[in-house]
There are 2 protein chains.
Amino acid sequence: MSDSPALAAPEPVHPLALPLLSGSRRALAKAITLTESTRPEHEVQAQRLLAQVLPRAGRSIRVGLTGVPGVGKSTFIEALGVWLANQGRRVAVLAVDPSSARTGGSIMGDKTRMPALTVHPNAFIRPSPSGGTLGGVARRTRETITLCEAAGYDVLLVETVGVGQSETQVAAMTDLFVLLTLPNAGDELQGIKRGIMELADLCVVNKADTNPKAATRAQTELRTALTLLTPHDAPWRPVALKASAVTGEGIPEVWAQVEQYAATVDLGARRHKQTAVWFDDLLREAAWKAFRAGVGAERIAQLRAEVQAGALTPVQGVQALLPQMWS
Amino acid sequence: MSDSPALAAPEPVHPLALPLLSGSRRALAKAITLTESTRPEHEVQAQRLLAQVLPRAGRSIRVGLTGVPGVGKSTFIEALGVWLANQGRRVAVLAVDPSSARTGGSIMGDKTRMPALTVHPNAFIRPSPSGGTLGGVARRTRETITLCEAAGYDVLLVETVGVGQSETQVAAMTDLFVLLTLPNAGDELQGIKRGIMELADLCVVNKADTNPKAATRAQTELRTALTLLTPHDAPWRPVALKASAVTGEGIPEVWAQVEQYAATVDLGARRHKQTAVWFDDLLREAAWKAFRAGVGAERIAQLRAEVQAGALTPVQGVQALLPQMWS
């Protein structure tokens, strides 16, 4: 052995790394929990673990899914997930739910939303992380994707709730983005913001069984709407399909389009850009932590109190620590 | 005059400050645009202007409003805004729309959404800022509120789109939060996330005219749902009302509840907490800018490229700049 600096202090292998790489669900669940922790010693461990398993990640198709409340996201994800898992695909479902900042969690538990997929041997379901800022949730989601891939899951379904910023963030960490809509497309199209439509690589009219005629009409209207938008993943042109999670109609066609998309678009280039965003987000977070440690939390608290008392404007409070700022 | 340090270098009054304080809409619009600019010299000017007008801000009631797409937010805000403006209140409407990150803007222009309010002499409507991160939008919204108040607007209606993180951010800069829902409450209640319900101080079943019976039922169901939640602004208990923006039914009752809320809750304490968040957000942004300037954008770009090439993991890239981080 040479005594090259790279070998001088070999980093110990994290105890979760090998079980995780060999596909242990338990190790995966524990690793995700470690990643979601905000305790400094857990963060150190989580980053070490991530660096160790990162070379084994990246071998999945990452699908983001969204739609307004009531569109049947859970049922659709379960139908698609079970269909894939029955074919031997290993399916991980992640939920990004930034809406409950106050208490964390949604009214219905995540496990009970997808009963058949929950018990499937080829599936892994991870409920929403509780609490935390959106930035925090997004960072964890990206790292959770990495961990699931390292554990051998080759289909990642990332569910996002709401019609807003979380979609943009999830689209920035997935390979393609699926927008679910309802057969009642008149109201839908009015409500769907152009920004969400523009993120979609695939639009699916769900619950097509409830009103087949309306579903076909909605599909046609979506097709028209999509042609009006500038394609964002050229040469791919977003497509509109219809499906029913209840009858299973359209599920194979949706997946065929996902594979068609993956064969058409340069996924490597898309992920290359996403890695840059990941690095930037981590650097921003680290810079803030370093700044806070340098200045001292007490000094920050003191200035915050002066700003709250009206003795300083917020900007003046910042300038007391960073005099060069805005001057 | 003494030569005390505080007077040594008097800061020049920003040219927009006096016209803005005397109520000029044109100065207000220009000041908001200045605040939204990301050019460094504009940021300096905007912060100077804000510090100068801040003492005249704070004298309004700040109302956040949200609801799923299709609930009739624009029509409701216009009906409420015109009703208030006709009574001599000066009403400013701000739209926070983080959903179109790709191109900015929504399918329908903001001006045409509220035709009667747009031309009312007592109203000021500011469309969504285009593009930018959510953090950016939120920062500008807070500062836009300050500018509108300094210009004499005493009712601030802040509209947020989508059901997610933007609501949490808007709730953190308003006095109370109104959730609009539809008469068809069965689907609604299933879809409304607990987190959004928990933010609401007031729930309004809109479009009550389209189905009066369903609206009354929805109101009852909302009341029940609200009693199950922990009140977050004690002693206030969130209330459920019904209204129709088209017929005007319920609009005065909604406003009566807003005033009742303002008389019940300690708004000063709520704003005191919000000021701390404002300071923290600004400090975080400033610390990042200072870090980036210190390290140099080129060095960051170089490490980003190494991370993208796979030579370093994202964490190792960060550690090259901040060796103490996660080690």
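If you're wondering where the values come from, they're calculated on a predicted model, not measured in any experiment. Letters A, B, ... are given to chains in the order of the sequence lines, protein chains preceding strands, and every chain is numbered from 1.
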Quiz item: After noting the C-alpha distance and the side-chain angles of Arg284(A) and Phe291(B), does the key distance pass the side-chain contact (heavy atoms from CB on, under 4.5 Å) rule?
Solution: CA-CA 9 Å; Arg284(A) 212 175 243 269; Phe291(B) 173 81; over 6 Å; no

Quiz item: Going through the distances and angles, do Val170(A) and Thr66(A) end up as a side-chain contact (heavy atoms from CB on, under 4.5 Å)?
Solution: CA-CA 10 Å; Val170(A) 169; Thr66(A) 196; over 6 Å; no

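Nearest heavy-atom pair across Ala150(A) and Val53(A) is CB-CB, 3.7 Å. The two residues Ser37(A) and His42(A) have their closest heavy-atom pair at OG-ND1, 2.7 Å.
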What donor-acceptor contacts under 3.5 angstrom involve side-chain atoms of residues 307-324 of chain B, with partners at least two apart or in another chain?
{"from": "Gln308(B)", "atom 1": "NE2", "to": "His272(A)", "atom 2": "O", "distance (Å)": "2.6"}
{"from": "Gln308(B)", "atom 1": "NE2", "to": "His272(A)", "atom 2": "ND1", "distance (Å)": "3.3"}
{"from": "Thr313(B)", "atom 1": "OG1", "to": "Gln316(B)", "atom 2": "N", "distance (Å)": "3.2"}
{"from": "Thr313(B)", "atom 1": "OG1", "to": "Gln316(B)", "atom 2": "OE1", "distance (Å)": "3.4"}
{"from": "Gln316(B)", "atom 1": "OE1", "to": "Thr313(B)", "atom 2": "N", "distance (Å)": "2.9"}
{"from": "Gln319(B)", "atom 1": "NE2", "to": "Met325(B)", "atom 2": "O", "distance (Å)": "2.8"}
{"from": "Gln319(B)", "atom 1": "NE2", "to": "Trp326(B)", "atom 2": "O", "distance (Å)": "2.9"}

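Taking CD of Glu43(A) as the reference point, atom CD of Glu285(A) lies at 6.0 Å (rounded to 0.5 Å).
Of all residues in residues 292-305 of chain B, those placing a non-hydrogen atom less than 4.5 angstrom from a non-hydrogen atom of chain A are Ile300(B), Leu303(B), Arg304(B).
The parts of Leu283(A) that come within reach of chain B are both its backbone and its side chain, each placing non-hydrogen atoms under 4.5 angstrom from that chain.
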